[in-house]
Enquirer: 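Handing you a structure now.
Reminder, nothing fancy here: chain letters follow the sequence lines and each chain counts from 1. Worth saying up front: this structure is predicted, and the values here are computed from it rather than measured.
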Amino acid sequence: MKKKVKRILIVEDEKTLALTLYEVLFTASGDFEIIVCDKAEDALQKISEKEFDLLITDLRLPGQIDGLELIRRLKEEEKRIPSILMTAYGTEEVREEAKKLGVKAYFEKPFSLVEFIKKIKEILDVK
Amino acid sequence: MSIPFDFRMQLLLSLSREISGSLNLPQIMRFVKFSIQTFISNIVWMNIFEVEKDKLIPVEKEEKEYLIKNEKFFSELKKRKEYIYIEDLKEKKYDYFPFCKEAKSALWIPIKRWDKIEGLFGIESELVKGFKLEDVIFLRIISDFLGVSISNIKLLRENEERKKDFESAYEISLQINKPFKKEELVKTFLKLISEKFNSIYTAFFEKQGDILYLFDYYTTSNKISLPHQVLIGEEICGKSALSGKLIKEYKEEAEGIKSKMAIPVFWKENLVGVIEIGGEKDFSENEIFLANLLSNTFSLSYQNSKYYEELEKYINEMEKLVYEKTQELIKTEKFALIGQMSSVVIHEIKNLLAGISAMAEFILLKVPDEKICEIAKMMKEEVEKAFKNLSNILEYVKPIKLDLKKTRIEEVIKKALLLSQGFFEGKNIDVELNFEENLPEIVMDEDKIKEVFLNLISNAAQAIESKGFIKIRGHRKNEFVVIEVEDNGIGIKKEDIDKIFEPFFTTKKGGTGLGLPRVKKILDYHLWQISVKSEINKGSIFEIKIPLKI
């Protein structure tokens with residue numbers, strides 16, 4: 001049986017981080033299709049077009065919608081995509097809100113890439 | 001030759017008119033002289049003397065030296081109270097008696113008014129027994145006229161003087177009734193008094209408890225030395241303070257001082273001090289009156305100056321407070337703005353750093369070249385350091401939200417002490433906790449206050465190089481609980497003490513300079529006060545004052 005390709009959407013406006021995450025996932029042992037965008041609005045568009053297995057989003061994003069709002073909207077639209085939230089603005093409130101919205105993992109910047117990949121593999125159940 | 005009776009009467013009548021109509025003694029003198037010479041012949045000398053404080057002042061000035069020194073004569077005259085008629089000056093028993101060369105007999109009549117000797121009337125004749133009984137009677141009548149006249153003149157003169165005194169008292173009161181400071185007022189007053197009384201020195205002693213302290217003095221001599229303090233009851237000013245009355249002394253002292261006067265100064269029946277005046281002549285009744293009057297005026301101005309000073313002090317304090325509060329507000333406003341700005345900037349940097357950190361790790365993971373990996377590792381470590389610093393700053397600049405609860409401060413400090421154990425490692429530090437029993441519970445944000453003590457205790461431990469002590473004490477003082485954290489470490493330089501609560505000031509290697517500012521900020525939010533006493537190489541004491549009533 002052919003292994004199913006896992007599709008991951010990264011929403012991150014910080015180009016270096018976006019590129020690094022793309023590269024690290026691309027070269028990781030796993031069959032991933034990675035799509036990167038820098039705005040929540042674009043992410044919503046992409047999600048409406050394709051199905052995704054994982055959403056990795058930054059909290060603060062350019063445009064009207066931030067990471068948490070993006071996750072909230074997806075939840076409201078009953079699009080159950082597991083999500084990971086990254087932020088440099090880590091506060092208790094954000095952590096609480098993320099937990100409420102069922103965010104699978106919460107990464108405060110800067111974080112370890114090794115930990116990060118480990119978590120992704122865990123969520124997507126790949127080895 | 002006998003003068004007809006009616007002529008005598010006529011002469012007396014015109015004399016009485018002349019005497020009562022004039023207030024000019026030399027003019028009266030001239031008229032009396034003329035009348036007597038026409039009435040009694042062979043007169044060789046005649047003069048009128050005014051009695052002023054046991055001194056004789058001649059109306060015709062050239063006679064001054066002639067009589068003034070002859071005290072024996074004057075006391076003889078006072079003893080008798082009646083006239084002295086010396087029929088023959090050759091008699092030995094009158095050898096003290098002053099007389100002119102040509103005189104053979106002399107008649108001295110005291111000029112009296114209500115039994116008080118106001119003057120003397122002296123006449124000398126070139127004949128032995130130069131005065132007949134009727135002459136004596138005639139001259140005594142004239143002397144009675146003169147008594148009325150002299151006493152009137154004296155009264156008038158006194159009135160004039162008193163008027164002048166009132167005027168000068170008014171002048172002085174005008175000059176001292178200004179918004180003076182106490183020192184200025186006293187200086188001005190002493191100078192004015194000194195000029196008015198022609199004194200050698202004028203001093204003001206201020207009462208404090210049982211002691212009069214020399215406040216200031218004015219002197220025309222550079223040799224005057226006054227005691228710095230006088231006990232009440234001692235010396236003239238102390239006696240005056242004790243009795244509450246003006247005291248006058250007349251005795252010769254150094255520097256030409258012959259008389260002294262001490263005047264108590266009262267405010268609402270309370271003695272505030274004593275004015276002491278030293279002069280070269282005895283003080284007159286008028287001067288005493290004036291001194292009392294001026295003491296009252298002075299007391300009023302003195303009290304005003306004290307009120308004025310208090311008011312000025314109060315205004316200054318208020319101004320200072322307003323200034324400080326304004327500065328604090330400006331600082332807080334500025335700080336809030338800087339806080340907001342830095343928060344944005346810091347997050348931007350953190351975001352960027354996150355990218356760099358991830359890239360460095362990516363290299364570490366993917367590149368087999370050891371050298372490159374070494375560099376990537378260093379990059380990652382540096383970025384992490386930068387991150388830590390940024391987080392500290394962020395923590396400091398963001399506003400504090402307090403979660404207030406009533407808590408026992410001793411317990412919070414004990415928890416902080418446990419958390420700071422890491423800083424004690426490798427050192428021999430005795431920790432002593434000493435809290436007064438029954439300290440009240442205090443409203444605070446426990447976590448934040450724990451952070452404060454963690455900071456203070458770890459600072460104290462860091463200040464101790466290898467061996468020392470940390471003493472933490474807590475006690476109640478009036479409406480405050482006071483907590484002290486003392487160490488015997490390296491201490492803080494005097495010039496640094498004011499800066500230790502300013503952000504980014506640090507003397508510690510690798511310190512961010514945000515520890516104590518954070519402490520201060522947390523305490524400010526609690527409205528608690530912190531102060532520090534420190535001595536280099538001896539140690540520091542941080543004192544926190546916690547108000548129980550806000």
Side-chain angles (χ1 to χ4, degrees), chain A residues 8 10-30 32 34 36-40 56-63 66-68 84-96 105-121, chain B residues 339-369 372-373 375-403 445-448 450-451 518 522:
Chain A
I8 302 171
I10 298 175
V11 193
E12 168 64 70
D13 63 316
E14 176 51 42
K15 295 278 184 305
T16 24
L17 189 62
L19 182 67
T20 314
L21 292 182
Y22 178 85
E23 281 297 323
V24 82
L25 284 171
F26 190 76
T27 53
S29 61
F32 299 132
I34 305 142
V36 178
C37 61
D38 64 355
K39 275 195 202 106
I56 301 169
T57 179
D58 190 14
L59 172 66
R60 193 170 274 208
L61 293 166
D66 70 7
L68 270 177
I84 292 176
L85 185 71
M86 306 177 291
T87 181
Y89 293 81
T91 63
E92 245 351 274
E93 288 85 356
V94 173
R95 198 185 280 270
E96 283 294 308
Y106 177 88
F107 281 94
E108 245 180 63
K109 290 178 183 179
F111 47 81
S112 148
L113 280 183
V114 176
E115 292 289 317
F116 186 69
I117 291 161
K118 205 174 132 194
K119 197 78 201 175
I120 289 169
K121 283 185 173 175
Chain B
Q340 279 169 13
M341 279 164 61
S342 18
S343 164
V344 172
V345 172
I346 288 166
H347 283 115
E348 285 303 316
I349 298 171
K350 268 179 127 180
N351 242 334
L352 276 169
L353 288 177
I356 295 169
S357 167
M359 273 177 135
E361 202 184 340
F362 184 73
I363 294 167
L364 266 173
L365 289 172
K366 302 291 172 183
V367 181
D369 189 315
I372 292 177
C373 279
I375 293 167
K377 207 177 148 199
M378 278 168 66
M379 251 175 89
K380 202 165 156 29
E381 280 168 5
E382 289 301 309
V383 167
E384 264 159 23
K385 231 187 263 172
F387 241 95
K388 211 177 141 197
N389 281 342
L390 287 173
S391 302
N392 277 335
I393 297 173
L394 200 61
E395 189 63 26
Y396 176 69
V397 293
K398 76 178 180 195
I400 292 174
K401 269 185 211 152
L402 295 182
D403 181 13
D445 182 321
E446 187 181 334
D447 285 337
K448 302 274 186 322
K450 200 158 63 194
E451 192 187 329
R518 170 87 179 154
I522 292 172

Enquirer: Using ring pair (Phe, Tyr, Trp, His ring centres under 6.0 Å) as the criterion, list what pairs up with A:F107, not counting sequence neighbours.
Expert: A:F111, A:F116

Enquirer: For the CG atom of B:L353 and the CD atom of A:E14, what is their distance to the nearest 0.5 Å?
Expert: 9.5 Å

Enquirer: How far does CD of B:E361 sit from CD of A:E115, to the nearest 0.5 angstrom?
Expert: 9.0 Å

Enquirer: If every non-hydrogen atom of B:H347 is compared with every non-hydrogen atom of A:A88, which pair is closest and at what distance?
Expert: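 That would be CD2-O, 3.1 Å.
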
Enquirer: Take atom NZ of B:K366 as the centre, draw a 6.0 Å sphere, and report whether it contains more than 12 heavy atoms from other residues, nucleotides or ligands.
Expert: yes

Enquirer: Using non-hydrogen atoms only, which part of B:F362 is less than 4.5 Å away from chain A: side chain, backbone, both, or neither?
Expert: both

Enquirer: Should the heavy atoms of other residues, nucleotides or ligands under 6.0 Å from NZ of A:K39 be counted, would the total exceed 12?
Expert: no

Enquirer: With side chain to side chain contact (heavy atoms under 4.5 Å, CB included) as the test, would you mind laying out the steps for B:L364 and A:L113 before giving the verdict?
Expert: CA-CA 10 Å; B:L364 266 173; A:L113 280 183; over 6 Å; no

Enquirer: Please report the shortest heavy-atom distance between A:T16 and B:M359, naming the atom on each side.
Expert: CG2-SD, 3.3 Å

Enquirer: Taking every heavy-atom pair that is under 4.5 Å apart, which of A:D13, A:L17, A:T20 has the most such pairs with chain B?
Expert: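 Greatest number of close heavy-atom pairs with chain B: A:T20.
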
Enquirer: Sort out for me which of A:S112, A:P110, A:A18 touches chain B most, counting heavy-atom pairs under 4.5 Å.
Expert: A:P110

Enquirer: With a 4.5 angstrom heavy-atom cut-off, is it the side chain or the backbone of A:E23 that approaches chain B, or both, or neither?
Expert: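 Contact with chain B is through both the backbone and side chain of A:E23.
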
Enquirer: Would you call A:T27 and B:L365 a side-chain contact if the rule is heavy atoms closer than 4.5 Å?
Expert: no

Enquirer: Can you say whether B:L352 sits under 4.5 Å from chain A via the side chain, the backbone, both, or neither, judging by heavy atoms?
Expert: both

